[in-house]
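Chain identifiers are assigned alphabetically (A, B, ...) following the order of the sequence lines, protein sequences preceding nucleic acid strands; residue numbering begins at 1 within each chain. Just so you know, these numbers come straight off a predicted model, no measurement behind them. Quick note: numbers below take in every heavy atom, side chains included, and nothing from hydrogens, waters or symmetry partners.
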Number of protein chains: 4
Amino acid sequence: MRSEKSPDGQRTFVDAARRAQLVRCTVEAIAEVGMRKASLAEIARRAGITKGAIFYHFANREELVNEVLVTLLTEGARYMGERIAEQADPAAELRAYLESNIDYIATHRAEVAALVAIAMNHTDERGGAREVDASVYGESLRPLEDILRRGQEQGLFCAFDTRTTAMTIRAAIDAIGPQLSAIPDLDLDRYTTELVALFDRATKRVPA
Amino acid sequence: MRSEKSPDGQRTFVDAARRAQLVRCTVEAIAEVGMRKASLAEIARRAGITKGAIFYHFANREELVNEVLVTLLTEGARYMGERIAEQADPAAELRAYLESNIDYIATHRAEVAALVAIAMNHTDERGGAREVDASVYGESLRPLEDILRRGQEQGLFCAFDTRTTAMTIRAAIDAIGPQLSAIPDLDLDRYTTELVALFDRATKRVPA
Amino acid sequence: MRSEKSPDGQRTFVDAARRAQLVRCTVEAIAEVGMRKASLAEIARRAGITKGAIFYHFANREELVNEVLVTLLTEGARYMGERIAEQADPAAELRAYLESNIDYIATHRAEVAALVAIAMNHTDERGGAREVDASVYGESLRPLEDILRRGQEQGLFCAFDTRTTAMTIRAAIDAIGPQLSAIPDLDLDRYTTELVALFDRATKRVPA
Amino acid sequence: MRSEKSPDGQRTFVDAARRAQLVRCTVEAIAEVGMRKASLAEIARRAGITKGAIFYHFANREELVNEVLVTLLTEGARYMGERIAEQADPAAELRAYLESNIDYIATHRAEVAALVAIAMNHTDERGGAREVDASVYGESLRPLEDILRRGQEQGLFCAFDTRTTAMTIRAAIDAIGPQLSAIPDLDLDRYTTELVALFDRATKRVPA
DNA sequence: GATGAATGAGTTTTCATTCAT
DNA sequence: GATGAATGAAAACTCATTCAT
């Protein structure tokens, strides 16, 4: 075990590789068979190792799932952060935020499915008040609130509570995942256009 | 019950009461400890009876959960339908829709938590394309789309895709539940006001 | 309960009727769904009463099954005894024994199926050394041995151990039930003729 | 095992040993307490392991019971096949068939008891028409019919339906198991001699 | 005489976790 | 680093039996 072998938290290359592989297999397992049936046996099978070996790399199931969560969140944040950074003004940033998010969802269905499943299970099991989730929400919402606030400061956006609006935008995006499962041939381009337009109307300053 | 008794579906008073009690206990159990840990043992414990007794009243776990689902949905639909029916025009209806939904969520936290948990588990286990869920979504979205379409026909609302907009409104509402768990002292009145304003801006027709 | 109400073992008419009805329903249940799934609930369902009521007429499941056993055995013995009594000599009686037995099996499939299932379960559960079964075997074998012995005394049959031969005849008959289940369109007339001929050759005295 | 491991069906030595041990314990359990009470808990207790361990080696109860069935059938077939192969003519083969079968029953009481119990339960639960059973019966009857047919072709046996006769011989043998349970001190040598003589008379050609 | 309700012991099965090798 | 084997706690479900009414 990590903690036993290297108290300084160092990890060997092989260990890191296995962890990454296990994270990947877990994502696929959860996306395909759901949280409930994504047992360690199933994950090990996909990774081509034994159940027991998992415990060499992760203290327990929870630690593995947490790593999955952190990995997906980080990955997603990077994916979207880059696109937004290139924009000229907050209005363009908001549009880029929506577009890059939906694009990510469209091109990372397994990841999104796994993410939603894990998040649900967390909200579920610990009554929603879990540290990880809280920070996740905060972390993911802050950049969006920043965009909105700067937009208001620059006179591009009208007056509204940035938190409520940020949450609504986030919710509109997060609702796409489940819908995609139900309606696999959903027209995402159209959806994107409509959403961009909707939040444009909802946020833009109306000149007197 | 049911399977052991007369096929005419007759139910005694005691049976109906126990079923209702079990539904209530199941809602509370799911809301408090989550779907996964809301075992029949846990539910029976809360109801003060034995596991075996549950099977006297329900054929299996699924039947119990289904009854919970139907009960909550029916209850919710009645709660909100009444308020919306009294409104004068689609714009007022949309406001009433938002207000009554958020009000319901605020005053029925356990029910909403249970509903979300059950819905998630369904999406999870059957790959998201389950009849019940599909109809649930459709059923809950249709009245909202109706309001939006009528608003457009009467020239009150601007041009937009009613389905996308309805889904966004729904998503904004559904996001409140999880947030409430994370931030128990969320100011719901403010949230409501903001949301009403946001979707008012997003939908109203701007005179030339 | 019988024993509580009438220590003299008297039974009311209604009680006797219900017992008979329950015996009949049990036979059908066992024949159709097998011993394992012929639960008291299933039997009660077929009788149109509740599980609890069964315990008014029978102390427990075992007593009910025993009554079924005794009833079927008695019924069968009467059915065959009559035909055999009419015969002129032991050779004719042996033929009549075979014919009436096979005929009974052909016309009482449910009864035979139930009988076999119950017998098996008994042999099964108590290691085969149960009083009922022992007597059953003895009772059913004695008349057959009598026929064989008289045949030998009258010089119609050759020398052989009557017990072994009786058992073989019985076994040949008892094997028909299971075969009928496997091969429903078995030609029983042919089977009868062959069996009669076989045991005729095996028992008849060959003149010097 | 099996489901958790490599699909090439590889088995370790320990696994094979445990499987064999579990098969043995299952045979004994069924022979002693009957199919109904031979629960996995009982079998595990006899094997000195936990219930859970059984599922490591067998996917489920059915797979375990099937392995028992196949093992016993194979064992029995080998035991008897050898003796019959050495015989000079069909009449001697028939005698060897009877003798080796009865000998097997005498020396493998638990195996025979278990075999009968399992077979019965199968007939019982699936309405008698199960593939396994059908093939079992066919497989076990065919060699016997072969002997009889060859005997007829060689003019050693008289005219009779080989199927009916084979079944009768089989039934006479199969009846010994239950009798042994009921009458533990049955004189099997005598029984064998009598049976051989009986079927000799019943099958041999009587010269004109 | 019978019902509706409940019990409690038992069944098979699943799975995260442990550990000797 | 990893495997094979096993554990033990929990799950859903079944059913004979009891009993107040």
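Interatomic distance, CE of A/Met35 versus CZ of B/Arg36, reported as 6.5 Å (0.5 Å rounding). Between the CD1 atom in B/Ile54 and the CZ atom in B/Arg18 there is a gap of 10.0 Å [rounded to 0.5 Å]. Separating the CZ atom in C/Arg45 from the CG atom in C/Leu40 is a distance of 13.5 Å, to the nearest 0.5 Å.
Between A/Phe58 atom CZ and F/dG1 atom C1' the separation is 15 Å, expressed in whole Å. As a whole-Å value, the separation of C/Arg45 CZ from E/dT3 P is 15 Å. Atom CD in D/Gln21 sits roughly 13 Å away from atom C1' in F/dA6 (whole-Å rounding). Regarding B/Asp15, its CG atom lies at a distance of 8 Å from the P atom of E/dA6, rounded to whole Å. Nucleotide E/dT13 holds its P atom 11 Å from the CD1 atom of D/Ile43, rounded to whole Å. When rounded to the nearest whole Å, the span between CD1 of A/Ile49 and P of F/dA2 equals 7 Å. Atom pair D/Lys37:NZ and E/dG10:P shows a separation of 11 Å (rounding to whole Å applied). Rounded to whole Å, atom C1' of F/dA11 lies 15 Å from atom CG of B/Leu64.
In this model, the phosphate group of F/dT3 is not approached by any side-chain N or O of D/Thr12 to a distance below 4.0 Å at OP1 or OP2. Between D/His57 and F/dG4 there is no side-chain N or O to OP1 or OP2 distance below 4.0 Å. In terms of phosphate contacts, A/Tyr56 brings no side-chain nitrogen or oxygen within less than 4.0 Å of OP1 or OP2 of F/dG1. Neither OP1 nor OP2 of E/dG4 sits under 4.0 Å from any side-chain N or O of B/Arg18.
Listed by chain and number, the residues in a side chain to side chain contact (heavy atoms under 4.5 Å, CB included) with B/Ala29 are B/Ala38, B/Glu42, B/Ile43, B/Arg46 (sequence neighbours excluded).
Of the possible polar contacts, none joining the B/Glu111 side chain to the B/Leu72 backbone as a donor-acceptor pair under 3.5 Å is found. Without hydrogens or angle criteria, B/Arg19 side chain to B/His57 main chain gives a donor-acceptor distance under 3.5 Å. Put simply, the side chain of D/Asn66 never gets that close to the backbone of D/Leu69: no donor and acceptor are under 3.5 Å apart.
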- Reading DNA chain F 5' to 3', what string of ( ), [ ], | and . shows its pairs, if Watson-Crick and G-U wobble pairs count only when both distances fall under 3.5 Å? .||||||||||||||||||||
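Checked against C/Val65 for a side-chain contact (heavy atoms from CB on, under 4.5 Å), the options C/Ile118, C/Val23, C/Val70 give a single hit: C/Ile118.
Comparing B/Glu42 and D/Ile54 by the nucleotide of DNA chain F that holds the closest heavy atom to each, the one mapping nearer the 5' end is D/Ile54.
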- Query: If the sugar-phosphate is the primed atoms plus P, OP1 and OP2 and the base is the rest, what is the B/S/- string for nucleotides 16-21 of chain E, using protein heavy atoms under 4.0 Å?
  - Reply: BBB---
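With a 4.5 Å cut-off on side-chain heavy atoms, B/Ile49 and B/Leu22 count as touching.
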